[in-house]
Amino acid sequence: MQPTPKTEQELLERAQSLAGLTLGELADAAGMITPPDLRRDKGWVGQLLEWHLGATAGSKPVPDFAELGIELKTIPIGYNGKPLETTFVCVAPLIGLQGVSWENSHIRHKLARVLWMPVEGERDIPLGDRHVGSPLLWSPSPEEEQQLRRDWEELMDMIVLGQVEQITARHGEVLQLRPKAANGRVLTEAYGANGQPIKTQPRGFYLKTPFTASLLERYFVI
DNA sequence: AGCTGATCATAA
DNA sequence: TTATGATCAGCT
């Protein structure tokens with residue numbers, strides 16, 4: 001792995017130096033084998049970029065660049081320049097919710113400062129030929145944070161009321177709740193409709209594509 | 001064609 | 001089991 005950047009500026013410069021390179025070139029430099037596709041290696045692009053940028057966290061529950069408080073997100077971009085996929089943020093807490101507020105929530109801290117790395121994501125481009133784009137170091141604007149907070153509060157209200165199984169991906173304007181697990185048989189504890197414990201599939205918070213599209217656009221327009 | 005619900009790999 | 005990294009793929 002590359003040395004860990006000591007400053008935000010150093011990290012951004014390192015990220016900018018990757019722009020225009022292909023995943024195949026980056027894999028060679030890292031001594032990694034480029035998989036034929038991402039079906040069995042969904043996190044491969046993210047891990048490749050972590051290596052090049054010197055991210056430290058691994059699978060620990062701290063930011064990728066803990067000392068800088070920065071989270072790294074790769075985002076697949078289509079021919080139209082817009083994100084092809086929603087962006088996973090973090091697992092949603094389903095129990096132990098006393099005292100949890102937007103201000104002290106895991107998701108707010110995760111999104112406080114994010115280094116977005118756009119990567120060509122169309123499936124008809126061979127994985128090794130896909131190019132890395134220009135990075136964006138982002139923090140939510142006041143408007144973006146209000147949107148996120150509203151959605152988060154709506155979803156968390158339903159979870160607290162034992163309605164987690166009534167939540168669909170259509171809830172929320174910019175933030176959605178969807179399954180996040182190895183498969184449908186994985187269960188975790190949550191509140192039932194009468195306050196009793198139930199077992200349900202783990203859920204994660206995801207940013208909807210129009211939201212990430214607009215934050216990327218906001219950057220390129222400035 | 002886009003979206004929602006489901007899924008894959010790996011580490012601690 | 002929970003966290004990390006996300007994309008797949010069937011349905012509308």
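Residue numbering restarts at 1 for every chain, and letters A, B, ... go by the order of the sequence lines.
In summary, the side chains of A:Arg218 and A:Ser141 do not present any donor paired with an acceptor at a separation below 3.5 Å, with no hydrogens or angles considered. Side-chain atoms of A:Gln147 and A:Glu143 form no donor-acceptor pair, as typed in the model, at a separation below 3.5 Å.
Considering every non-hydrogen atom in both A:Trp152 and A:Ser105, the closest pair reads CZ2-CB, 3.7 Å.
When heavy atoms are screened at a 4.0 angstrom cut-off, A:Leu187 is found touching the sugar-phosphate backbone but no base atom. Note on A:Gly46: only backbone sugar-phosphate atoms sit closer than 4.0 angstrom, heavy atoms only; bases stay farther off. In this structure, A:Lys82 reaches neither bases nor backbone, as no heavy-atom distance under 4.0 Å exists between it and the strands shown. Within 4.0 Å of A:Arg178, counting heavy atoms only, lies at least one base atom of the nucleic acid. In this structure, A:Pro76 reaches the sugar-phosphate backbone alone: every heavy-atom distance under 4.0 Å involves primed, P, OP1 or OP2 atoms, never a base.
Of the listed nucleotides (B:dG5, C:dC8, C:dA3), C:dA3 has the atom at the smallest distance from the side chain of A:Val91. In this structure, the nucleotide among B:dA9, C:dG5, B:dA6 sitting nearest to the side chain of A:Arg40 is B:dA9. With C:dG5, B:dT4, B:dA6 as the candidates, the nucleotide lying closest to the side chain of A:Glu71 is C:dG5. Counting only heavy atoms from C-beta on, A:Glu50 has its side chain closest to C:dG5 among C:dT4, C:dA9, C:dG5. For A:Ala169, the side-chain atoms get nearest to B:dG5 when compared with the rest of B:dA6, C:dT4, B:dG5. With B:dT7, C:dT7, C:dT2 as the candidates, the nucleotide lying closest to the side chain of A:Thr188 is C:dT2.
Rounded to a whole Å, the CZ atom of A:Phe88 is 11 Å from the C1' atom of C:dT2. A straight line from CZ of A:Arg203 to C1' of C:dA3 spans 18 Å, rounded to a whole angstrom. One can place CD of A:Gln47 at 8 Å from P of C:dA6, the figure rounded to the nearest angstrom. Atom P of nucleotide C:dC8 and atom CH2 of A:Trp44 are separated by 13 Å, given to the nearest angstrom. B:dC8 atom C1' lies 5 Å from atom NZ of A:Lys42, rounded to whole Å. The OH-P distance, from A:Tyr79 to B:dA1, rounds to 14 Å in whole Å. At whole-Å resolution of the value, CG in A:Asp37 and P in B:dT7 are 18 Å apart. Rounded to a whole Å, the CD atom of A:Glu85 is 16 Å from the P atom of B:dT7.
Using a cutoff of 4.0 Å between basic side-chain nitrogens and carboxylate oxygens, A:Arg130 and A:Glu122 are not scored as salt-bridged. A:Glu153 and A:Arg149 are joined by a salt bridge, as a carboxylate oxygen and a charged side-chain nitrogen come within less than 4.0 angstrom of each other.
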- Steps toward salt bridge (charged side-chain N to carboxylate O under 4.0 Å, His left out) verdict (A:Arg108, A:Glu145): CA-CA 8 Å; A:Arg108 178 169 163 277; A:Glu145 175 154 355; 3.2 Å; yes
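Closest-nucleotide positions on DNA chain B for A:Tyr206 and A:Arg123 were compared, and the one nearer the 5' end corresponds to A:Arg123. Looking at which nucleotide of DNA chain C each of A:Arg130 and A:Asp41 is closest to, the 5′-most match is held by A:Asp41.
Dashed line: the shortest gap from a side-chain N or O of A:Lys180 to OP1 or OP2 of C:dT1 is not under 4.0 Å. For the pair A:Thr74 and C:dA6, the criterion of a side-chain N or O lying under 4.0 Å from OP1 or OP2 is met. Note on A:Lys73: a side-chain N or O is less than 4.0 Å away from OP1 or OP2 of C:dA6. One finds a side-chain N or O of A:Gln176 lying less than 4.0 angstrom from the OP1 or OP2 phosphate oxygen of B:dT4. Regarding contacts with the backbone of B:dT7, a side-chain N or O of A:Arg185 is found under 4.0 angstrom from either OP1 or OP2.
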